[in-house]
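Have a look at this one.
Note that ligands are numbered from 1 as they come in the structure, with each ligand's atoms numbered from 1 the same way. Since this is a predicted model, take the numbers as computed values, not measurements.
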Amino acid sequence: YPRSIDSLWSGASLVTMKDGQYHTIEDGVIAVHQGKIVWLGTRDELPEITAQEHHHFDGGIVTPGFIDCHTHLVFGGDRSAEFEMRLNGVSYADIAAQGGGILSTVRHTREAHEDELFNSARQRLEHLLKEGVTTVEIKSGYGLDIDNEIKMLRVIRRLGETLPVEVYATCLAAHAIPPEFSGDGNKWVEVVCEQLLPRVANEKLADAVDAFCEHLAFSPAQTETVFAAARALGLPVKLHAEQLSALAGSSLAARYQALSADHLEYATAADAQAMAAANTVAVLLPGAFYLLREKQQPPVASFRQFGVPMAVASDMNPGTSPALSLRLMLNMACTLFGLTPEEALAGVTLHAAQALGIRESHGSLECGKVANFVHWPVARPAELVYWLGGQLPCTVIYQGEKRDSTF
Ligand SMILES: O=C(O)CC[C@@H]1NC(=O)NC1=O
Ligand SMILES: [Fe+3]
């Protein structure tokens, strides 16, 4: 480590999340230089170091910056009206017949100017920033034609360029069959693979490619066509899999060394074994499970048995998970899926980093990693999971600098 550094941060317990476990350092100190962690340990182990700044917390804990590894937070309009219709007894089918569902968000997203999409997404993203999120993944998938998918991806890139948060963009053009293709999924998959993805790769508009593998969306065969095109372009893949039925999409994702398979309510032990062998992360999305009042829980016991890293994300989207809080998802992952608080916190730190392919540089308090961390004036890490909703105060250090809360 350098003998002269930018800053020291002391006075709190460091919940390092090393290897996905607390590995807490009591009365710890973090040394930061040029946006990276260059040393950490207990106060009495601190070596001779000259720091430009010394910040002393008055107790509490420090965690790695939170990572929301699965969101659809760029979209036009919202679906509150159909939310109310459903609760007044109108069926999904009737809502869809009246033009509701994903395709209504597609209409609003196509009609919205890029600035309008940017401003509404910025507001939603700021909720996440206020609760300690320092890295977020955002998907396209509501444009469903080349120009509007590119428009969405440009807005996603602009969010990362404008706000103090690291943004990873994912192309989810294979989200639903566009109305113009009414039912011909193969035709849209062909357009995605032959026209859209080459442009996205060439213009560096996405860091990964995703698809929705489900009866009402794209089959495993169509999903594999998208994966093959992504691989040929050097783009990693991830997949919405086993949300509503068991199509072995997560096993297909594992065969393509997918960064993650997401939802997984209907995943099997065989899927978990395949994911473990491929080091594919299981991203759990309790918000959608909760809002859809789903009964089938993801096979958490199998993920534990085979050592599949579990992540937890908001899935922020207007239809099935209009969730503005990642911290609430921590509680739901424990209360609804039976995760321990330690597993849930690994799910928004180290395992979320792995789901984005950045585990080597993010997700835990370790030397050499990015200096994204959060101070919480609480007694223990479980409080971050225990308190239901609300705004827990926190101080966010982003790339080594205190991030002020006005963005
Ligand atoms: O309803 C929406 O707008 C998106 C639903 C969302 N997308 C997906 O692939 N699964 C979901 O729950
Ligand atoms: Fe999703």
Compute the ring centroids of F337 and F289, then answer whether they are less than 6.0 Å apart.
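For F337 and F289, the ring centres are under 6.0 Å apart.
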Relative to the Fe ion (ligand 2), which of the N, O or S atoms in D315 is the closest?
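Nearest N/O/S atom: OD1.
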Quick one: does NZ or CZ of R110 land under 6.0 Å from the six-membered ring centre of Y142, within 45 degrees of the ring axis?
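Here R110 fails the 6.0 Å and 45° test against Y142.
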Relative to each other, are the rings of F227 and Y256 parallel, tilted or perpendicular (30° and 60° limits)?
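The rings of F227 and Y256 sit tilted, inter-plane angle from 30° to 60°.
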Quick check for you: with the Fe ion (ligand 2) as the vertex, what angle do NE2 of H72 and NE2 of H240 span, to 10°?
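Result: 100°, to 10°.
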With a cut-off of 4.0 Å, which atoms of ligand 1 are near a heavy atom of Y142?
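Counting from 1, the qualifying ligand atoms are 2 (C), 3 (O), 4 (C).
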With a 4.5 Å heavy-atom cut-off, do L285 and V283 have their side chains touching?
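Sidechains of V283 and L285: in contact.
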Would you say I102 contacts ligand 1, with heavy atoms under 4.0 Å as the rule?
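I102: in contact with ligand 1 (<4.0 Å).
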Between T105 and ligand 1, is there a nitrogen or oxygen pair with a distance under 3.5 Å?
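No; every N/O pair is 3.5 Å or more apart.
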With backbone taken as N, CA, C and O and side chain as the heavy atoms from C-beta onward, which portion of E214 lies under 4.0 Å from ligand 1: side chain, backbone, both, or neither?
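Neither part.
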With a 4.0 Å cut-off, would you call R158 and E161 a salt bridge?
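Salt bridge between R158 and E161, a charged N being under 4.0 Å from a carboxylate O: no.
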Of the protein's non-hydrogen atoms, which lies at the shortest distance from atom 1 (O) of ligand 1, and what is that distance?
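The closest heavy atom on the protein side is R79 NH2, 2.7 Å.
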Please report which non-hydrogen protein atom sits nearest to atom 10 (N) of ligand 1, along with the residue it belongs to and the distance in Å to one decimal place.
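Ranked first by proximity to atom 10 (N) of ligand 1 is Q243 OE1, 2.9 Å.
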Assign the ring pair H362 / Y168 to parallel, tilted or perpendicular, where the plane angle (0 to 90°) is split at 30° and 60°.
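Judged by the thresholds at 30° and 60°, the geometry between H362 and Y168 is perpendicular.
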Measure the distances from the heavy atoms of F75 to every atom of ligand 1 and state whether one is below 4.0 angstrom.
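The answer is no: ligand 1 sits nowhere under 4.0 Å from a heavy atom of F75.
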Quick check on contacts: which atoms of ligand 1 are under 4.0 angstrom from a heavy atom of H240?
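Close to H240: 8 (C), 9 (O), 10 (N).
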Would you mind telling me which of V370, L356, V167, V165 makes a side chain to side chain contact (heavy atoms under 4.5 Å, CB included) with T135?
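For T135, the side chain to side chain contact (heavy atoms under 4.5 Å, CB included) check succeeds only for L356.
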Is there a nitrogen or oxygen of T320 sitting under 3.5 Å from a nitrogen or oxygen of ligand 1?
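Min N/O separation from ligand 1 is below 3.5 Å for T320.
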In terms of the angle between their ring planes, are W9 and H55 parallel, tilted or perpendicular, with boundaries placed at 30° and 60°?
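Because their plane-to-plane angle is under 30°, the rings of W9 and H55 count as parallel.
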For atom 8 (C) of ligand 1, what's the nearest protein heavy atom and its distance?
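Atom 8 (C) of ligand 1 sits closest to the protein heavy atom H175 NE2, 3.5 Å.
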